[in-house]
Structures are given as C-alpha cells and as structure tokens.
2 protein chains.
Amino acid sequence: MSSTRLSDRQRRIVEFIGDFLDEHGYPPTVRDIGRAVGISSTSVVDYNLKRLEREGYLKRVRDVSRGIELVGDGDRRSRGAFTEVPVIGRIAAGEPIEAVEERDRDRLLLSPSLAEEGCFALRVKGKSMIEDLIDDGDVVVVRPQSTADNGDIVVALLTEASDEPGRATLKRLYRERDRVRLQPANSALNPIFVDPASLRVQGKVVAVIRQM
Amino acid sequence: MSSTRLSDRQRRIVEFIGDFLDEHGYPPTVRDIGRAVGISSTSVVDYNLKRLEREGYLKRVRDVSRGIELVGDGDRRSRGAFTEVPVIGRIAAGEPIEAVEERDRDRLLLSPSLAEEGCFALRVKGKSMIEDLIDDGDVVVVRPQSTADNGDIVVALLTEASDEPGRATLKRLYRERDRVRLQPANSALNPIFVDPASLRVQGKVVAVIRQM
DNA sequence: CCTCCCTCAGAACGGCTGTTCTAACCACAG
DNA sequence: CTGTGGTTAGAACAGCCGTTCTGAGGGAGG
C-alpha cells in the first residue's frame, strides 16, 4: 500500500466530490468526476476512486449509483459537528440553582473541543468567583461528574445533612483532612467547610463564556 | 393546488428520505423509496414525489439518479445552524498578531447568538487585559468593524505613521479631544496615546471564551 | 348510472451508471 | 534492451433508474 501523499489528480477528485455534495446535496457520478477533473475514461476515475478508498479518503458502495461517501476531514457533513449545550439555569454562591423551564432554555452550540456531549451550562449570578475571572452574567459550561480534583471549579450541591441545606454553589473545591473546603474566589467572601458526606459534586467547569 | 396536509404515505416518504440521507450520505432512488414505504410501482413513487415537490417539501433534478434534495424543515443538513469562527492567530498587547496558517487554524463553532457570520477569533497572549477578566490564553471573538464606541474593547492596528508601527493590540478605546487613548486593563501597564489618523480599528470584541 | 378527478399498479423504454476488459504509455530497475 | 509496476484511455456490458404510458379502482357530484 503506497502510503504516499495523494497525486494532484486525486486531491482534485476529493475536493470536487466535496464541492459537488455541498452544491447538490448528493454525490457525483463517476462520469461527473471525470468531466470535472479532466478524465475522459470512466475506468480511470474508477481506478482513482478505488485507490482513494484504500487510502481511507472515502467509502464506496458497490453497484450503487453515486455510492460515494467522504470520510474524515473530507466529510463536510461532519465539518459542522457541534455539541448542543442547554443553559439550564442560573447559579449563585450558596443559593439553589434557578432552573429554567425546558422550553425557555437557551441552547448553545459549541465545538466538541469546547464542550463534549452531555454538558450543560449555567449563567453565573454574582461576583463570588470574580478573582478567577468569572464575572456576573458569565456562562459556565459544566461537564457532569461526581468527583473532582483539588482546585477544580465545581458545581456542588450541599445536601440536607449540612448546615446549608439544598443549595447549589459554584466554588473551587479542596479536600482537607476530614472536611472539604469550598473556596470562593472573592476575598470579601469566606470559604465554606463541609462534611464530605453532605456534599455532592454535580460537575466541573470546563469552559467560561462571556458575551459583551 | 390542494394545500391540504400531506397524506400518511407522503409523510412517510419525506421521513424516509431524511433517514436514508443520514444513514448513507446520498439520497435514495425511486425504487428505494417504494420498497421502504410499501409501494410496488415506481410511477406511484414518482407521482407522490412530484406532489411533494409542488408542495415545497423537496426539490428534484430531472433525469438525475437520486436527484432529490430535502428543503426547509426536512433538510437535516441545516438543522442546528451555527457560525464557524476561525481562530486566526494570537494577539498580545503591542505586538503584531501572530497569524496562523490557514490550514492549521482551529475552528470554533458557536451559536449565532454568540458570534455572527464573519467574525474571527484570536487567542490572547499576556495579561494586559486581566482586569477586564481576560486572561492569558483566553480566546476573544471579534466582530470586524472599523469604528468603535468609547470604552469598547477593540483590536486596533497602529499604522506606520504612529510611534508604534505596524502593531496590533487589544485594548479599550477612548477618544479624547484630538487623540485616542488605548487603555490596557492592567494597572502595571500604561495607556498608549495615538493620533486618530494612525489608528485603524479592526474589530470589536463581542465574546470571551476560556477553556479550563 | 355516468363522468371527472385523484390515487394507484404494472410494464416498458431509453438513458444513465458502475464495472470490467484490453491496450497503451511511461518511469525505472535489471 | 527487457520486464515490471503504476497510471491512463477507450470501448463495451449489464444492470440501475427516472420517466412515461396504459389501465384500473374509488369517491364526489351531477
């Protein structure tokens, strides 16, 4: 298998297939490709398509007209792959999350590199994390997980056992001996110390988005 | 023209075409549709396709195999519209933008509410805007425009006429009598004063994105 | 009942389309 | 020179595919 780079002709074929798909919504025929790339013989197109398939640039379905599908980088359908992240409410230090009705939720579309599937977002209320550069009104993208590393910014739920019942909070989490410190990033505010048993980590902040 | 709603059969046809497209990447043939919907005659499929085209549910290309394209709501390609924003380089206070080769650019997908078409993004280098909560490594989304209001955070280009030739900078912009003040958000840094003639506003920061 | 219109079935036609076969050309190594 | 492997061209084949024609049910209105 010659794993050399594609010939000029082959690159033009892949590019043309993508253009054709964008324009028409269906793949080109072997003869369409030949005409576009300047190949008079269908067998030569077929030859190059077979080669491109072996190299992993596309997939073909035998005996099916227009049975060509681009894969990987060439696939312009997946060039628009994105993650949909619902903004499910507002969070403020030490108060319950203000949930938003599902039908009123904003939905953010984000690159998969920014937020993986399953994430949610919360709008931040207040300046309790201002020294971590999270402002009032910012949106934090949260990846759901029940554990967190020391120093992670997490959405934590204080259960009834604690002295702050049923409240959600956005804080940095630090484990200390037999307790957990929830540290705001605002020197005007004091940390909260809780029993690990009365704390439930809801998720970790993976991104911050601010609109101006 | 009977603008009544679609028959059960016709709804199933539209739905099948969408499913087929999602699965295969190319549209079905008339016979594929017939098989899926339980129609033995190609003429009946053709008849219903013509009807669906007249009602605006799809477009067809005559005499072209698989020449079917869903339009409007049925078009799953356009589901979840987003804006593609290229990260075209890095910007630091008072240094030229470090451009990135086009093929190496990251591309962010963002909700249209976050960034309209035509925006670009820059990765921030340094802490010159730290007091505006823009950190080293953050990404700023910039809407191209040549004017700016007082206090806007802008990407500004200092042209050769000025004492800081050919440099781009990220600053807050304030117009003062016969000069412009470019104000960093870092008390350790001093503002730059420039002649309005030697300043070109490239765009305004509309969003800040931070990954953690 | 008859007629008209919409919907449907089956068959056939002609062109489109993927595939294959043969042959040629070229660069390169033996 | 000769042979070999990679690439291209042209032609032909068989099957796929959109289209069209004929005809038939079936309900609405006369």
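By convention in this document, chain letters (A, B, ...) are assigned in the order of the sequence lines, proteins followed by strands, and residues within each chain are numbered from 1.
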Examine [N]: is either OP1 or OP2 under 4.0 Å from a nitrogen or oxygen in the side chain of [X]? Give yes or no.
| X | N | value |
| --- | --- | --- |
| A/R9 | D/dT8 | yes |
| B/R62 | D/dT20 | yes |
| A/S65 | D/dC17 | yes |

Round to the nearest Å and state the distance from [X] atom [atom1] to [N] atom [atom2].
| X | N | atom1 | atom2 | result |
| --- | --- | --- | --- | --- |
| A/D63 | C/dC16 | CG | P | 19 Å |
| A/Y47 | C/dG18 | OH | P | 19 Å |
| A/R51 | D/dG5 | CZ | C1' | 12 Å |
| A/I13 | D/dT8 | CD1 | P | 8 Å |
| A/I39 | D/dA11 | CD1 | C1' | 17 Å |
| B/R35 | D/dC16 | CZ | C1' | 11 Å |
| B/R66 | C/dT17 | CZ | P | 11 Å |

**Request:** Kindly indicate whether the side chain of A/S40 and the base of D/dA9 share any N or O donor-acceptor pair separated by less than 3.5 Å?
**Result:**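 When only heavy-atom distances are counted, A/S40 does not reach the base of D/dA9 through any donor-acceptor pair under 3.5 Å.
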**Item:** Donor-acceptor pair (no angle test) under 3.5 Å: B/R60 side chain, D/dG18 base
**Value:** no
**Message:** A cation-pi test, strictly: NZ or CZ of A/R66 under 6.0 Å from the centre of the six-membered ring of B/Y26 and no more than 45 degrees from its axis. Yes or no?
**Reply:** no
**Message:** Whether B/R179 engages the ring of B/F193 as a cation-pi pair (distance to the six-membered ring centre under 6.0 angstrom, angle to the ring normal within 45°) should be assessed.
**Reply:** yes
